[in-house]
Amino acid sequence: MQIINGLVFDIKEGFVSRDVYTDGDYISDKSGDGVAVDASDCYVIPGLVDLHFHGCVGEDFSDATAEGLQRIADYELSQGVTYICPAGMTLPEEQLSEICRVTAAHRKNNKGGAEVVGAHLEGPFLSMAKKGAQNGAFIHEPDAEMLRRLQDIAEGSIKLVTVAPEEPNGMDFIKAAVDMGITVSLGHAAADYDTALAAYKAGASHATHLYNGMPPIHHREPGVIGAAFDGGARAELICDGIHIHGSVVRLTFAMFGAERMVLISDSLRATGMPDGRYPFGGQEIEVHGNHATIAGHPETLAGSVTSLMGCVRKAVEFGIPLKDAVRAASLNPAKAIGIADRAGSLDIGKEASIVLMNKKDLSIRTIIFKGQVQ
């Protein structure tokens, strides 16, 4: 396949006028079949990578059903999100085990849709003080042996775990998780700067939805946010226009640099669904437009109802250059969960997962997944 006449995402140069070739599942230096796809008036970008979202189209990853996970994967691919690492909620170990089993089984028997590259355990190793929309009844102290049990059930599928490092055994948990090959993220944490920085020095390398679920930054108490900056971590942002003000989005990209930013959707089962009430981690959420809160607690945000592609568009609306927004939703998350050798850019040898976006409004024209037009 030859993709012609488009402006192609290049990690060093931004967008350049050149053709992209595919040969089978991979990006190549020449076309394997002679088929041409016209990308006139389009940006050509890598398929996106969402490493923090909970569900969509009425399904939630935490329900741990094979059918639900398949529907999630199908919807995400339709939105140009080609690789997904869905997040589980704070739940009992028995339910987390089921999530891990379903993830492992899906990865063995993939029937289409976006590739499920692994799982993100956003809970239960969190701070009660900063639990946000997580269910406090199931919060658990950081427990390396519990994580190891879950990773065994998942057959190595856990790629990312969120932890509050100030909780008992937090530092030992971080070191053990890193030894298991799991990326550790600080989040839903009340840690002060020194504790959070020590956690990054112990091996954590990521920050879960920066600003949300942690103390606000203060010029004398920089907390997790300052430690993430000084500790060299990648920082997630929920760029749905609800969770983070546009000024703070611009400020954070300037502060951390585009190479350390990770856009996430943090999307819920209500994404792609009408307004109403929906179950959420043993609780209930209420959705009005693109605003989701815990039912009965309108002050508590509960995730987003915007896809990752929608978050890219919103970032651009906020003034982030498209090249930086795309990088933050493709290469950077791919690096964070260890799949950048095959995803996240349009380099020769990578998997041919490609999205054509109309220049006029950044809507999707064409999705190509591992060399196949969808």
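Numbering of residues begins at 1 and proceeds along the displayed sequence. Keep in mind the model is a prediction, meaning the values are calculated, not measured.
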Query raised in the report: Does the side chain of S185 pick up a donor-acceptor pair with the side chain of T208 at under 3.5 Å?
Result: yes
Query raised in the report: Would you say the side chains of Y200 and D230 form a donor-acceptor pair under 3.5 Å?
Result: no
Report task. Please report the shortest heavy-atom distance between A104 and S157, naming the atom on each side. Result -> CA-OG, 4.1 Å
Report summary line: Contacts of R234 meeting side-chain hydrogen bond (donor to acceptor under 3.5 Å, both in side chains) (sequence neighbours excluded), chain-then-number -> none
Query raised in the report: F125 vs F173 aromatic rings, parallel, tilted or perpendicular, using cut-offs 30° and 60°?
Result: tilted
Query raised in the report: How about H54 and H52: are their ring centres within less than 6.0 Å of each other?
Result: yes
Report task. Determine the minimum heavy-atom distance between A227 and A196, stating which atoms define it. Result -> CB-CB, 3.5 Å
Query raised in the report: Could you go step by step and tell me if E286 and H297 meet the side-chain hydrogen bond (donor to acceptor under 3.5 Å, both in side chains) rule?
Result: CA-CA 9 Å; E286 191 164 359; H297 298 276; over 6 Å; no
Requested in this report: State yes or no: are the ring centers of F9 and Y43 separated by less than 6.0 Å?
Outcome: no
Query raised in the report: Taking 4.0 angstrom as the limit, do R342 and E115 come out as a salt bridge?
Result: yes
Query raised in the report: How many angstroms lie between CG in L322 and CG in L362, if you round to the nearest 0.5 Å?
Result: 6.0 Å
Report task. Would you indicate whether F15, at its atom CZ, is surrounded by more than 12 heavy atoms from other residues, nucleotides or ligands within a distance under 6.0 Å? Result -> yes
Query raised in the report: When you check the side-chain N and O atoms of E351 and Y83, is any donor under 3.5 Å from an acceptor?
Result: yes
Requested in this report: Would you check, one step at a time, whether the test side-chain hydrogen bond (donor to acceptor under 3.5 Å, both in side chains) holds for D63 with T65?
Outcome: CA-CA 6 Å; D63 292 342; T65 69; 5.9 Å; no
Query raised in the report: Just checking, is any N or O donor in the side chain of S265 or D50 under 3.5 Å from an acceptor N or O on the other one?
Result: yes
**Report entry** Side-chain donor or acceptor of H188 paired with backbone N/O of G213 under 3.5 Å
**Finding:** no
**Report entry** T252 (side chain) donor-acceptor with V248 (main chain) under 3.5 angstrom
**Finding:** yes
**Report entry** Closest approach of R365 to D38 (non-hydrogen atoms, all atoms of both residues)
**Finding:** NH1-O, 3.5 Å
Query raised in the report: Side chains of T90 and N135: do they bring a donor and an acceptor to under 3.5 Å?
Result: no
Query raised in the report: Minimum heavy-atom separation for T183 to I337, with atom names?
Result: OG1-CA, 4.4 Å
Requested in this report: Using the side-chain contact (heavy atoms from CB on, under 4.5 Å) rule, take L263 and F253 through it: C-alpha gap first, then chi angles, then the decisive distance, then the call.
Outcome: CA-CA 11 Å; L263 292 183; F253 267 81; 4.2 Å; yes
Query raised in the report: So which heavy atom on S304 is nearest to which on D240, and how close?
Result: CB-OD2, 3.2 Å
Query - Note, I285 side chain near T293 side chain (heavy atom, < 4.5 Å) - result: no
Query raised in the report: For the side chain of R260 and the backbone of F229, is there at least one donor-acceptor N/O pair under 3.5 Å apart?
Result: yes
Query raised in the report: Is the backbone of Q372 close enough, under 3.5 Å, to the side chain of Q374 for a donor and an acceptor to pair up by distance?
Result: yes
**Report entry** More than 12 heavy atoms of other groups within 6.0 Å of K370 NZ
**Finding:** yes
